[in-house]
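Here's the structure we're looking at; comments come further down.
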Amino acid sequence: MSGSYDDSVGVEVSSDSFWEVGNYKRTVKRIDDGHRLCNDLMNCIHERARIEKVYAQQLTEWAKRWKQLVEKGPQYGTVERAWCAFMSEAEKVSELHLEVKGSLMNEDFEKIKNWQKEAFHKQMMGGFKETKEAEDGFRKAQKPWAKKLKEVEAAKKAYHAACKEEKLAVSRETNSKADPALNPEQLKKLQDKVERSKQDVLKTKEKYEKSLKELDNATPQYMENMEQVFEQCQQFEEKRLRFFREVLLEVQKHLDLSNVASYKNIYRELEQNIKTADAVEDLRWFRANQGPGMSMNWPQFEDDEWSADLNRTLSRREKKKASDGVTLTGINQTGDQVSQPNKHSSVSSYEKNQSYPTDWSDEESNNPFSSTDANGDTNPFDEDTSPAMEVRVRALYDYEGQEQDELSFKAGDELTKMENEDEQGWCKGRLDNGQVGLYPANYVEPIQ
């Protein structure tokens, strides 16, 4: 082991060994890395908690939107209830994922934060107390041995220099013997130089061997002291590693919904609701409420004496009902309506872009797509004409328009909302290039 170093034990080591002067710094750095890893783990858990929250919100929005679409759509009976069971499942799972988010932040995140605060103590001048203690411990253990190593390096350098000088002196003396121009006095000087060089080699070699012996004698104590400080660092790191393992297991338990009884019950209930769907029952209901099973006041012979009153009653009712967009299908002798259409006899739509025959006219009194239905409610197909302030919004996710009247954008794009959200969850907006169209309301957020 060799290298150049100063009194501060700074050294350019000749190998990657821990025992080289200054190579203990990697062990000291691990303490600072432990603090940073606590921050990294907290950030990791925080991001996962945010994902859980966003997923829960998206499940809730999805369930709300599709529950409305299914309820307003043409599906009926037990199959409708089975379909809606998926939306109930999403709402319940959303609640569970919100609980996961709470556990990650309120338990796991806080536990790491508190442990980090207790394990690492900041100093007034910067850095951590634990790092300084390890640094001082290694310096103290290494200083005596490093001093002796410095003496060995100096002795070795002196010995090698003496050997080099001896070889030069011997070479000069040998060459002088073949030179007749040199007098005996000059030859004597060269011979004396060779003799002194040999003596220097012996002295430097002895000193070099002595310093090496002293270094060897100091090495066991050096290794023992270094091992002691290193073991203290190992114990500190062991606490962190065991703590991380404990926290990760708790995070796993919070994320693993398969072991949560309520989570299993959600899907048992969903399966039961789907299995209760009965095609025969639904067909029977449709026959009774929308088909041949419906009651009917068939036309009967009426005396002339009733004609005038009947016509007057009919004209009043037709005039009144025409404004409601409903055609009377049968009248008894008192002029009462036979039956009122229920939810499933009215026409509705899954989506804004559902296609229908084009031969309907709003001018016809029996048009089911007129501005109001039999109950006086507004037609879900009518556009929301209420004025709205234009608002700048930013896209949260990528969206690719599925129809010609829909916009396409990327997450982060900005656009202008021109009309508020309709019942199906769509907004009307304008891109910066001037294109106007529809987009899902939950894909954007207002720009603050």
Side-chain angles (χ1 to χ4, degrees), residues 1-33 125-127 131-234:
M1 292 171 285
S2 62
S4 60
Y5 56 92
D6 54 24
D7 292 338
S8 64
V9 201
V11 62
E12 293 181 4
V13 298
S14 60
S15 72
D16 198 40
S17 172
F18 165 78
W19 301 107
E20 290 281 5
V21 175
N23 275 359
Y24 63 82
K25 294 184 181 294
R26 293 174 301 190
T27 304
V28 176
K29 180 178 179 296
R30 188 176 59 172
I31 298 176
D32 294 332
D33 290 341
M125 301 301 293
T131 303
K132 186 177 185 303
E133 290 177 349
E135 178 77 25
D136 292 344
F138 279 120
R139 282 180 177 273
K140 183 178 180 181
Q142 197 170 69
K143 186 174 182 179
W145 188 85
K147 183 178 180 181
K148 293 186 179 298
L149 177 62
K150 185 176 182 180
E151 294 174 355
V152 168
E153 292 291 333
K156 181 178 69 172
K157 184 177 180 181
Y159 170 67
H160 289 167
C163 291
K164 182 179 179 180
E165 189 65 27
E166 180 194 17
K167 291 179 182 179
L168 290 173
V170 172
S171 177
R172 291 192 189 103
E173 181 192 16
T174 302
N175 294 333
S176 66
K177 292 180 180 179
D179 187 359
L182 293 176
N183 56 42
E185 185 179 352
Q186 291 176 326
L187 290 174
K188 183 68 170 60
K189 288 182 179 180
L190 291 174
Q191 291 173 354
D192 292 343
K193 180 67 175 177
V194 170
E195 187 63 26
R196 287 195 302 271
S197 297
K198 290 182 177 180
Q199 292 297 325
D200 288 342
V201 168
L202 292 175
K203 290 180 181 178
T204 55
K205 181 180 180 181
E206 181 181 356
K207 187 176 180 180
Y208 181 28
E209 290 175 342
K210 181 181 178 182
S211 62
L212 271 176
K213 185 177 181 180
E214 291 177 352
L215 181 65
D216 290 340
N217 293 336
T219 297
Q221 185 64 45
Y222 163 67
M223 295 179 67
E224 180 181 348
N225 293 341
M226 292 288 285
E227 282 274 7
Q228 183 178 359
V229 181
F230 181 79
E231 187 59 32
Q232 293 174 356
C233 295
Q234 287 286 85

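Reckoned from all heavy atoms, side chains included, excluding hydrogens, waters and symmetry mates.
By the neighbour-count criterion of 12 heavy atoms within 6.0 Å, atom CD of Glu231 is densely surrounded, having more than that number from other residues, nucleotides or ligands. Around atom CD of Glu206, no more than 12 heavy atoms belonging to other residues, nucleotides or ligands sit under 6.0 Å away.
The two residues Ala162 and Thr204 make their nearest non-hydrogen contact at CB-OG1, 3.6 Å. Residues Val21 and Ala146 share a closest heavy-atom pair of CG2-CB, 4.2 Å. Residue Arg172 comes nearest to Leu190 through the heavy atom pair O-CD1, 4.1 Å, listed as atom of the first residue, atom of the second, then distance. The nearest pair of heavy atoms linking Ile31 to Ala134 is CD1-CB, 3.7 Å.
In this structure, Gln142 contributes its side chain and Met226 its backbone to no donor-acceptor pair below 3.5 Å. Remark: the backbone N or O of Lys193 is paired with a side-chain donor or acceptor of Ser197 at under 3.5 angstrom. Between the side chain of Tyr222 and the backbone N or O of Leu215, no donor-acceptor pair lies under 3.5 Å. Looking at Asn175, its side chain does come within 3.5 Å of a backbone N or O of Ser171 through a donor-acceptor pair.
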Should Lys198 and Val194 be marked as a side chain to side chain contact (heavy atoms under 4.5 Å, CB included) after you check the CA-CA gap, both sets of side-chain angles, and the distance that decides it? CA-CA 6 Å; Lys198 290 182 177 180; Val194 170; 3.8 Å; yes
Under the criterion salt bridge (Lys or Arg N to Asp or Glu O under 4.0 Å), I'd like the reasoning laid out for Glu153 against Lys156: C-alpha separation, chi angles, the key distance, then a yes or no. CA-CA 5 Å; Glu153 292 291 333; Lys156 181 178 69 172; 3.6 Å; yes
Is there a side chain to side chain contact (heavy atoms under 4.5 Å, CB included) between Tyr159 and Lys207? Walk through the geometry before answering. CA-CA 8 Å; Tyr159 170 67; Lys207 187 176 180 180; over 6 Å; no
Set out, in order, the CA-CA distance, both residues' side-chain angles and the distance that settles side chain to side chain contact (heavy atoms under 4.5 Å, CB included) for Lys167 and Lys164, then state yes or no. CA-CA 5 Å; Lys167 291 179 182 179; Lys164 182 179 179 180; 5.9 Å; no
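In this structure, CG on Leu149 lies 8.0 Å from CD on Glu20, to the nearest 0.5 angstrom. Put simply, OG on Ser211 and CG on Asp216 are 9.5 Å apart, with the number rounded to the nearest 0.5 Å. Here Asn217 contributes atom CG and Trp145 contributes atom CH2; the two are 13.5 Å apart, rounded to the nearest 0.5 Å.
Put simply, the side chain of Arg26 reaches to within 4.5 Å of the side chain of Asp16, judged on heavy atoms. Residues Arg139 and Tyr24 have side chains in contact (heavy-atom distance under 4.5 Å, counting atoms from C-beta outward). Looking only at side-chain heavy atoms (C-beta outward), Phe18 and Thr27 come within less than 4.5 Å of each other. Contact of the Arg30 side chain with the Gln234 side chain is registered, since non-hydrogen atoms from C-beta on lie closer than 4.5 Å. Between Asp200 and Glu166 the shortest side-chain heavy-atom distance does not fall below 4.5 Å.
Remark: Asp136 does not engage Lys140 in a salt bridge, criterion side-chain N to carboxylate O under 4.0 Å. The existence of a salt bridge linking Asp192 and Lys188 is confirmed by a sub-4.0 Å separation between a basic side-chain nitrogen and an acidic carboxylate oxygen.
Using the six-membered ring where Trp is involved, His160 and Tyr208 have ring planes that are perpendicular, over 60° apart on the 30 and 60° scheme.
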